Amino acid sequence: MTARTVARIQAYSPDQERDDHGRFADEGKGGDDATFKLCAALTRGFTLSDDEAFDVLREWNAACQPPWEESELEGKIANGRAYGSCTIG
């Protein structure tokens with residue numbers, strides 16, 4: 001992943017997307033949808049591989065309540081790639 005891609009991803013996920021507690025995805029508050037949209041953007045919009053998307057999501061996941069299990073994130077990545085509405089590339 002290039003430095004330019006990393007900067008674009010960071011610009012895509014600004015802090016204003018965090019909730020009042022500094023988290024990105026809270027259970028029962030649309031966290032599933034937020035995670036799916038990010039996975040779709042990473043895999044389709046930024047054309048990251050699954051492994052690259054997972055690397056980005058590791059840090060992001062720490063700000064989720066509760067954090068997603070690795071297997072759940074893998075499923076979100078696969079679903080984001082398959083069913084996301086982001087334009088590829």
Side-chain angles (χ1 to χ4, degrees):
M1 187 174 351
T2 67
R4 183 174 184 268
T5 299
V6 170
R8 288 179 56 223
I9 291 167
Q10 289 170 338
Y12 174 80
S13 304
D15 283 341
Q16 65 257 28
E17 291 185 15
R18 292 178 184 254
D19 68 11
D20 295 337
H21 303 286
R23 296 186 291 261
F24 284 112
D26 272 353
E27 185 175 33
K29 296 182 182 175
D32 183 66
D33 189 49
T35 305
F36 171 81
K37 286 178 181 177
L38 178 58
C39 289
L42 292 174
T43 58
R44 296 174 63 87
F46 292 103
T47 63
L48 299 185
S49 69
D50 289 0
D51 289 339
E52 290 170 323
F54 195 83
D55 287 344
V56 171
L57 288 169
R58 276 194 182 105
E59 183 177 337
W60 181 87
N61 192 40
C64 296
Q65 185 58 38
W68 295 97
E69 297 289 331
E70 286 190 13
S71 60
E72 293 173 312
L73 286 178
E74 290 167 352
K76 297 284 182 207
I77 290 168
N79 287 338
R81 182 181 302 285
Y83 304 112
S85 60
C86 297
T87 302
I88 296 177

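Keep in mind that this is a model prediction, so the values were computed, not measured. What's counted below: heavy atoms across the whole structure, side chains too, no hydrogens, waters or symmetry copies.
In this structure the side chain of Cys39 never reaches within 4.5 angstrom of the side chain of Asn79, judged on heavy atoms. Between Glu74 and Ile77 there is no side-chain heavy-atom pair separated by less than 4.5 Å. In this structure the side chain of Thr35 reaches within 4.5 angstrom of the side chain of Trp60, judged on heavy atoms.
The two residues Cys86 and Gly45 have their closest heavy-atom pair at CB-N, 4.2 Å. Taking each heavy atom of Asn61 and Trp68 in turn, the nearest pair found is OD1-N, 2.7 Å.
For the side-chain hydrogen bond (donor to acceptor under 3.5 Å, both in side chains) criterion with Arg81, the lone passing option out of Thr43, Thr47, Asp50 is Asp50.
In terms of hydrophobic clustering, with Ile, Leu, Val, Met, Phe, Trp and Tyr side chains grouped at heavy-atom distances under 4.5 Å, Phe54 and Leu42 are assigned to a common cluster.
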